[in-house]
Chemist: 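The structure that follows is given in the form of structure tokens.
A, B, ... follow the sequence lines: proteins, then strands. Residue 1 opens every chain. The figures that follow rest on heavy atoms only: side chains count, while hydrogens, waters and symmetry mates do not.
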Amino acid sequence: MNEKLLKPYNPKETEARIYKQWEESGYFNPDKLPERHKEAFSMVLPPPNVTGILHMGSALMLAVQDIIIRFERMRGKKTLWIPGTDHASIATETRFIKEKKISKRDFTEKRDEFVELVNDYALSNQKVIIEQMRTMGASLDWSRAAYTLDNERKTAVTEAFIKMYESELIYMGKGKIVNWDVKGQTVVSDDEIEYESVKTPLYTFRYSKDFPLPISSTRPETKVGDTAVAVHPDDERYRQFIGKTFKINFVDTELNIKIIADPSVEPDFGTGALGVTPAHSKIDEDIASRHNLESVQIIDELGRMNEKAGSLKGKKILEAREIVVQYLKDNSLLEKEEVVDQNKPKAQRSGGIIEELPKRHQFFVNVNKPIKERGGKTLKELMRESVTSGKIKILPERFEKIYLNWIDNLRDWSISRQIWYGHQLPVWYKYPAPTDDSTDFFKVSKIKPEGSGWKQFEDTLDTWFSSGLWSFSTLGWPEKTEDFKNYHPTNVLETAYDILFFWVARMILMSQFLIGDVPFRTVYLHGLVRDEKNRKISKSLGNNIDPAEMIKQFGADAMRMAMVIGTSPGNDSKISTDKFKAYKHFANKIWNVSRFVLTNSEEIDYSNKVTLSTEDREYVEEFEKIIDDITDDMDNFKFYMAAEKLYHYFWHSFADIIIEKSKEKIWNGTAEEKASAQWTIFHILERSLRALHPFMPFVTEEIWSMVPIKNKKMIIVESWANKKYDHKI
RNA sequence: GCGCGCUUAGCUCAGUUGGUUAGAGCACCUCGUUUACACCGAGGGGGUCAGGAGUUCGAAUCUCUUAGCGCGCACCA
């Protein structure tokens with residue numbers, strides 16, 4: 001009888017020691033697992049950002065994924081779970097600038113110096129995060145740890161970019177409209193925009209007194225960039241004007257407005273006439289390209305009117321709007337002013353206004369281009385088919401519909417960012433760049449091209465470009481490594497639903513094009529963790545529960561159970577300190593039950609037959625049935641269910657009934673009754689510890705070290721509790 | 001506009017293909033402490049399963065519908 005057992009369970013004294021034992025055992029590394037582990041099972045950890053400390057969402061994902069990997073390891077799989085961290089380009093750089101109160105302008109000629117500072121900052125954060133992942137008990141193979149910006153991953157990113165460029169999937173958009181984040185001073189993708197619904201005035205007016213048709217706009221200041229008015233071809237009201245061009249003076253700017261007919265115009269919306277601003281609206285850009293209209297940029301990258309805006313030059317957007325509205329009033333051009341609902345686009349990361357404007361030298365991924373190497377299918381089709389064919393299963397299923405809905409509306413992915421911390425594009429040009437964007441002024445290449453004067457493009461890649469390669473870049477791709485052969489496609493991708501498009505979809509895109517296969521078989525999505533008032537946990541609300549603090553107070557096992565129980569797939573979950581407390585009590589319950597069983601039973605030799613009483617046999621059979629159920633739940637990703645069943649069985653059947661009844665038999669029963677009862681409680685405890693291990697690895701490993709079983713190993717590599725996986729001890 | 005969810009006990013949520021008296025945790029109430037555990041045990045109260053209609057021998061579960069809440073995408077002249 002171990003003296004440790006006499007005191008209450010103390011996670012603090014136990015966890016770090018156990019984690020060290022696991023690491024020393026090498027069992028996190030599939031190459032060092034015992035013989036019986038043959039069939040490969042792999043997962044990649046969604047790499048946490050190196051922007052700061054671990055949050056509740058990461059704690060949830062670590063808990064769930066570690067449960068999966070420990071379960072499969074016990075079932076005899078050759079398990080690989082790859083850790084890593086994400087440089088999170090835009091997020092890290094923004095955070096660094098804010099925290100250190102640094103201005104990029106001070107580094108105008110010293111980009112390398114700046115990048116090095118950000119990198120130091122990132123790596124020091126990385127250490128903290130990695131340490132916290134360990135405290136969760138995560139059985140990650142640290143020998144294979146990756147960083148999205150390390151050398152191996154740089155090689156993968158460059159290779160991917162060049163391959164995509166050669167297949168004409170990556171192209172340079174020559175003055176194509178981008179989403180410009182005025183505050184963050186960078187281009188962002190469509191997915192990085194959030195919409196805020198606001199009330200805003202909609203003005204209905206004419207450019208000038210003699211202009212025949214009124215138009216409506218919430219942004220009259222952009223109308224100085226108009227080159228056409230579009231009407232529906234069947235609209236009787238305006239048919240007579242189609243094809244005519246009007247020369248007008250609008251707020252001191254000369255405009256040439258051509259009246260065009262385009263079926264995309266809704267006759268019933270507003271006046272049925274649409275002022276076309278080709279430089280500042282993607283829709284208008286499309287109309288303009290159909291009608292060969294001139295495009296005039298009138299807003300600059302600082303969010304001000306430029307020299308093409310005449311007297312408005314230099315004015316901020318809102319100032320310009322006021323001036324224009326005043327002009328309309330002064331000249332009796334304003335016909336109507338009404339308040340309408342509008343979705344105002346904002347940059348998700350910086351919170352800044354998004355302006356649509358044309359920008360040169362920006363790169364895009366074409367999602368509609370047929371790919372020769374992939375049977376003429378487009379990226380969009382490949383992404384779609386991966387799921388519709390059933391090759392990838394998304395759980396819960398409703399997210400498959402959400403995914404497909406997103407694919408159907410997908411536009412080309414803009415991948416250039418005006419951020420310094422990240423993967424610089426492998427694209428070179430002769431300085432200075434030509435002004436006319438002639439087709440071959442740049443070269444795509446791993447290294448600087450021969451000859452003098454070559455300069456690398458300043459821009460870096462969208463951080464999700466490197467994350468998209470994660471399922472195979474972590475396995476050594478583009479090298480043909482053993483790891484890649486053995487572990488790709490990975491089995492399960494477990495992540496939060498809010499990065500389904502950002503990450504999951506991009507991984508499918510990259511893998512389908514570069515590998516010709518899916519990156520994983522099953523996508524299991526968990527929800528967001530919210531506080532007890534159902535608010536999203538965030539720094540600004542100050543409602544952040546620090547996982548590290550919870551682990552200190554209640555132990556990692558309690559933390560894991562609290563994260564998992566009550567958390568159904570794809571649904572947001574609520575967390576409160578009460579929940580941690582409840583499972584801390586449970587850890588102690590397991591401890592106390594073990595103390596009782598181990599002091600009241602002896603070493604079990606499973607080769608010796610014990611004749612069980614009818615009652616005890618029923619207990620054992622009932623237990624086996626429950627373990628079968630739990631195994632099913634695990635197979636179906638119902639971890640919340642499995643955990644709850646285990647909790648309930650262990651406490652309210654095993655402890656409250658079976659153990660209570662065994663006391664009488666052990667203390668006052670016949671020799672047969674005693675032996676039967678002892679065997680039963682020992683057997684159920686021993687099996688329960690195995691079943692509990694994926695969920696509560698520390699306390700079960702600690703107790704296992706005291707359980708008198710012949711030839712036992714650490715519980716982390718023992719067989720799963722299910723009879724099917726029973727092998728003689 | 002297109003699409004997807006949710007509404008079950010005071011709170012947080014389960015409830016698989018329709019099948020006895022609808023479950024759990026927390027909270028609450030009563031009783032109990034010399035021998036595994038008060039981080040405990042025994043017992044208890046509490047629900048028109050959002051409203052309505054239908055299918056069925058039978059509906060929390062399937063269909064339609066109303067209301068409220070939430071989410072994704074698109075539009076946003």
Side-chain angles (χ1 to χ4, degrees), chain A residues 5-9 190-191 195 197-198 200 202-205 214-220 222-223 226 229-231 264-266 268-277 281-284 287 340-345 396-411 497-498 500-501 527-528 530 532-534 554-555 558 561-562 565-568 570-579 581-600 629 632-633 636 638 640-641 643-645 647-648 651-652 655-657 659-660 662-663 667 681:
Chain A
L5 260 183
L6 297 175
K7 287 183 245 153
Y9 175 58
D190 294 346
D191 298 291
Y195 295 92
S197 72
V198 291
T200 191
L202 174 69
Y203 303 97
T204 300
F205 59 94
I215 55 163
S216 299
S217 178
T218 54
R219 299 197 56 183
T222 62
K223 299 289 105 184
D226 284 12
V229 165
V231 299
S264 69
V265 178
E266 283 286 341
D268 299 333
F269 195 102
T271 63
L274 161 66
V276 182
T277 324
S281 156
K282 283 174 205 157
I283 303 285
D284 294 7
I287 296 175
V340 295
D341 293 312
Q342 197 198 20
N343 286 330
K344 203 162 128 192
E397 235 168 83
R398 69 188 149 91
F399 284 100
E400 292 193 351
K401 290 176 191 160
I402 295 175
Y403 172 85
L404 295 174
N405 181 244
W406 177 81
I407 299 266
D408 291 341
N409 290 306
L410 188 62
R411 281 187 288 213
Y497 67 71
D498 63 344
L500 178 61
F501 310 141
L528 310 177
R530 294 169 184 274
E532 64 266 44
K533 287 175 190 146
N534 203 21
F554 305 106
M561 284 295 269
I565 291 188
T567 304
S568 53
N571 291 326
D572 296 350
S573 56
K574 294 177 189 73
I575 198 75
S576 63
T577 44
D578 271 357
K579 224 174 156 181
K581 212 165 95 187
Y583 297 109
K584 185 194 159 106
H585 293 177
F586 182 51
N588 195 54
K589 187 76 185 182
I590 299 171
W591 190 257
N592 283 315
V593 166
S594 304
R595 180 193 304 154
F596 177 85
V597 173
L598 298 186
T599 45
N600 286 287
D629 278 358
D632 278 351
D633 289 337
N636 292 307
K638 292 184 179 175
Y640 64 102
M641 189 81 97
E644 212 172 280
K645 279 179 187 160
Y647 174 90
H648 198 254
W651 200 313
H652 300 296
D656 290 349
I657 298 168
I659 288 189
E660 282 310 312
S662 76
K663 286 179 180 171
W667 293 334
I681 59 171

Chemist: When both hydrogen-bonding distances must be under 3.5 Å and the geometry is Watson-Crick or G-U wobble, what is B/rG58 paired with, if anything?
Modeler: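 Base partner found: none.
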Chemist: In this structure, how many angstroms lie between the P atom of B/rC4 and the CG atom of A/Asn409, rounded?
Modeler: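 Taking atom P of B/rC4 as the reference, CG of A/Asn409 is at 14 Å.
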Chemist: Classify A/Val265 by what it touches in the nucleic acid, base, sugar-phosphate, or nothing, heavy-atom distance under 4.0 Å.
Modeler: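 A/Val265: base contact, heavy atoms under 4.0 Å.
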Chemist: Among B/rA36, B/rA14, B/rA77, which nucleotide has an atom closest to any side-chain atom of A/Val593?
Modeler: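 Within the option list, the nearest is B/rA36.
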Chemist: Distance between the P atoms of B/rA14 and B/rC62, in whole angstroms?
Modeler: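 Roughly 15 Å separates the two P atoms.
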Chemist: About how many Å separate CG of A/Leu500 and CH2 of A/Trp406, when rounded to the nearest 0.5 Å?
Modeler: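 That separation rounds to 8.0 Å.
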Chemist: Is the shortest side-chain N to carboxylate O distance from A/Asp632 to A/Lys645 below 4.0 Å?
Modeler: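 No.
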Chemist: What is the nucleic acid contact for A/Ala587, judged by heavy atoms within less than 4.0 Å: base, sugar-phosphate only, or nothing?
Modeler: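 Touches nothing.
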Chemist: Does A/Tyr195 make a side-chain N or O approach to OP1 or OP2 of B/rC71 shorter than 4.0 Å?
Modeler: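 So the side chain of A/Tyr195 is outside the cut-off, no N or O lying under 4.0 Å from OP1 or OP2 of B/rC71.
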Chemist: Within the structure, does a side-chain N or O atom of A/Lys589 lie under 4.0 Å from either OP1 or OP2 of B/rG41?
Modeler: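 Yes.
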Chemist: Rounded off to whole Å, could you give me the NZ-to-P distance for the A/Lys584 and B/rC37 pair?
Modeler: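 Those two atoms, NZ and P, are 18 Å apart.
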Chemist: Expressed in whole Å, how much space separates the C1' atoms belonging to B/rG23 and B/rC76?
Modeler: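 Going atom to atom, C1' in each nucleotide, I get 47 Å.
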Chemist: Should the side chain of A/Glu660 and the base of B/rA36 be counted as holding a donor-acceptor pair, with the cut-off at 3.5 Å?
Modeler: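 Looking at the base of B/rA36, it does pair with a donor or acceptor on the side chain of A/Glu660 (distance under 3.5 Å).
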Chemist: When the C1' atoms of B/rC73 and B/rC64 are considered, how many whole Å apart are they?
Modeler: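 One C1' to the other, the span is 27 Å.
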Chemist: Could you state the CG-P distance from A/Asn588 to B/rC39, rounded to the nearest angstrom?
Modeler: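 Between P of B/rC39 and CG of A/Asn588: 9 Å.
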Chemist: Would you say A/Tyr203 and A/Thr218 make side-chain contact, with heavy atoms under 4.5 Å?
Modeler: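 Not touching, per the 4.5 Å side-chain cut-off.
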Chemist: For a quick test of reading the model: is some side-chain N or O of A/His585 closer than 4.0 Å to OP1 or OP2 of B/rC40?
Modeler: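 So the side-chain polar atoms of A/His585 do come within 4.0 Å of the phosphate oxygens OP1 or OP2 of B/rC40, strictly under.
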Chemist: Please pick, from B/rU16, B/rA14, B/rA77, the nucleotide with the shortest atom-to-atom distance to any side-chain atom of A/Ser216.
Modeler: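 Nucleotide nearest to A/Ser216's side chain: B/rA77.
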Chemist: Which nucleotide wins on minimum distance to the side chain of A/Lys663, given the candidates B/rA36, B/rC26, B/rC4?
Modeler: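 For the A/Lys663 side chain, the nearest candidate turns out to be B/rA36.
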Chemist: To the nearest angstrom, how far is A/Trp406 atom CH2 from B/rG72 atom C1'?
Modeler: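 A/Trp406 atom CH2 is separated from B/rG72 atom C1' by 12 Å.
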Chemist: With rounding to the nearest 0.5 Å, note down the distance linking CG in A/Asp226 to OG in A/Ser281.
Modeler: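 Going from CG on A/Asp226 over to OG on A/Ser281, the span is 10.0 Å.
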Chemist: So, A/Thr200 side chain and A/Gln342 main chain: donor-acceptor pair closer than 3.5 Å or not?
Modeler: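 Here the side-chain-to-backbone pair does not exist.
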Chemist: Between P on B/rG72 and CG on A/Asp408, what's the gap in Å once rounded to a whole number?
Modeler: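 After rounding, the gap between these two atoms is 18 Å.
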Chemist: Determine which nucleotide pairs with B/rU48, using a 3.5 Å limit on both distances of a Watson-Crick or G-U wobble pair.
Modeler: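 With both distances under 3.5 Å required, B/rU48 matches none.
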Chemist: Starting the side chain at C-beta, find the nucleotide from B/rC39, B/rG25, B/rG15 nearest to A/Pro8.
Modeler: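 Looking only at heavy atoms from C-beta outward on A/Pro8, the closest nucleotide is B/rC39.
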Chemist: Rounding to the closest angstrom, what is the interatomic distance between B/rU61 and B/rU16 at atom C1'?
Modeler: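 Those two atoms are separated by 11 Å.
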Chemist: For B/rA77, does either OP1 or OP2 sit under 4.0 Å from a side-chain N or O belonging to A/Thr218?
Modeler: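 Yes.
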Chemist: What does B/rG41 pair with, Watson-Crick or G-U, if both distances are under 3.5 Å?
Modeler: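 Looking at the geometry, B/rG41 pairs with B/rC31.
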Chemist: Applying a 4.0 Å non-hydrogen cut-off, can you work out what A/Ile565 is touching in the nucleic acid: base, sugar-phosphate, or nothing?
Modeler: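 No contact.
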Chemist: A/Ile681 has an atom CD1; how far is it from atom P of B/rA36, in whole Å?
Modeler: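 Answer to the nearest Å: 11 Å.
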Chemist: Any idea which of B/rA74, B/rC13, B/rC4 is nearest the A/Ile402 side chain?
Modeler: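 Nearest to the side chain of A/Ile402 among the choices is B/rC4.
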Chemist: When you check the side-chain N and O atoms of A/Ser197 and A/Asn343, is any donor under 3.5 Å from an acceptor?
Modeler: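 Checked: A/Ser197/A/Asn343 side chains show no N/O donor-acceptor pair below 3.5 Å.
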Chemist: Using a cut-off of less than 4.0 Å, is there contact between a side-chain N or O of A/Thr599 and OP1 or OP2 of B/rA36?
Modeler: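 A/Thr599 to B/rA36 OP1/OP2: no side-chain N or O under 4.0 Å.
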Chemist: Which one is paired to B/rA36, where only Watson-Crick or G-U wobble pairs with both distances under 3.5 angstrom count?
Modeler: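 Because no pair has both required distances under 3.5 Å, B/rA36 counts as unpaired.
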Chemist: The side chain of A/Tyr647 is closest to which nucleotide in this list: B/rC26, B/rA77, B/rA14?
Modeler: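 Among B/rC26, B/rA77, B/rA14, the one nearest the side chain of A/Tyr647 is B/rC26.
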Chemist: Nearest of B/rA14, B/rC75, B/rC73 to any side-chain atom of A/Arg411?
Modeler: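 Nearest listed nucleotide: B/rC75.
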Chemist: Nearest to the side chain of A/Ala582 - B/rU16, B/rC26, B/rC4?
Modeler: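 That would be B/rC26.
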Chemist: Between B/rC29 and B/rG68, how far apart are the two P atoms, rounded to whole Å?
Modeler: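 Each nucleotide's P atom is 38 Å from the other's.
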Chemist: What's the CZ-P distance between A/Phe269 and B/rC76, to the nearest Å?
Modeler: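 These atoms are roughly 8 Å apart.
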Chemist: Within the structure provided, determine whether A/Tyr583 and A/Phe554 are in side-chain contact (heavy-atom separation under 4.5 Å).
Modeler: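 In short, these two side chains do not touch, never coming nearer than 4.5 Å.
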Chemist: Would you call the rings of A/His652 and A/Tyr647 parallel, tilted or perpendicular if under 30° counts as parallel and over 60° as perpendicular?
Modeler: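 It falls in the perpendicular class, over 60°.
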Chemist: Partner lookup for B/rG68, please. Criteria are Watson-Crick or G-U wobble with both distances under 3.5 angstrom; report none if nothing qualifies.
Modeler: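 Across all strands, the one nucleotide that pairs with B/rG68 is B/rC6.
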Chemist: Name the closest nucleotide to the A/Arg595 side chain, picking from B/rC76, B/rA14, B/rC37.
Modeler: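 Comparing B/rC76, B/rA14, B/rC37 against the side chain of A/Arg595, the answer is B/rC37.
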Chemist: Considering only the C1' atoms, how many Å lie between B/rC11 and B/rC4, rounded to the nearest integer?
Modeler: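 Per the computed distance, 27 Å lies between those C1' atoms.
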Chemist: Return the nucleotide paired to B/rC75: Watson-Crick means purine N1 to pyrimidine N3 with N6-O4 or O6-N4, wobble means G-U with N1-O2 and O6-N3, both under 3.5 Å.
Modeler: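 Answer to the pairing question: none, since B/rC75 forms no Watson-Crick or G-U pair.
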Chemist: Think A/His652 has a side-chain N or O under 4.0 angstrom from the OP1 or OP2 of B/rG25?
Modeler: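 For B/rG25, OP1 or OP2 has a side-chain N or O of A/His652 closer than 4.0 Å.
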Chemist: Distance check: side-chain N/O of A/Trp651 vs OP1/OP2 of B/rG41, anything under 4.0 Å?
Modeler: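 Answer is yes, contact under 4.0 Å.
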Chemist: Need the pair for B/rA22. Rule: Watson-Crick or G-U wobble, both distances under 3.5 Å, any strand; none if unpaired.
Modeler: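 By the stated definition (distances under 3.5 Å), nothing pairs with B/rA22.
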Chemist: Reckon A/Asn571 has a side-chain N or O less than 4.0 Å from the OP1 or OP2 of B/rA14?
Modeler: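 Yes, because at least one side-chain N or O of A/Asn571 sits under 4.0 Å from OP1 or OP2 of B/rA14.
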Chemist: Could you tell me how far B/rA60 sits from B/rA77 if I compare only their C1' atoms? Round to whole Å.
Modeler: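 My reading of the C1' atoms in B/rA77 and B/rA60 gives 48 Å.
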Chemist: Whole angstroms only, please: what is the CG-C1' distance between A/Leu500 and B/rC4?
Modeler: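 Rounding to the nearest Å, CG of A/Leu500 and C1' of B/rC4 are 12 Å apart.
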Chemist: Can you check the distance between B/rG43 and B/rC6, where both ends of the measurement are the P atom (answer in whole Å)?
Modeler: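 Here B/rG43 and B/rC6 have their P atoms 36 Å from each other.
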Chemist: Can you tell me if A/Asn588 uses its side chain to pair, donor with acceptor, with the backbone of A/Tyr9 under 3.5 Å?
Modeler: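 Indeed, once roles are kept as given, a pair shorter than 3.5 Å links the two residues.
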Chemist: Go through the N and O atoms of the side chain of A/Asn405 and the base of B/rG72, and report whether any donor-acceptor pair is under 3.5 Å.
Modeler: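 Flag set: donor-acceptor pair detected.
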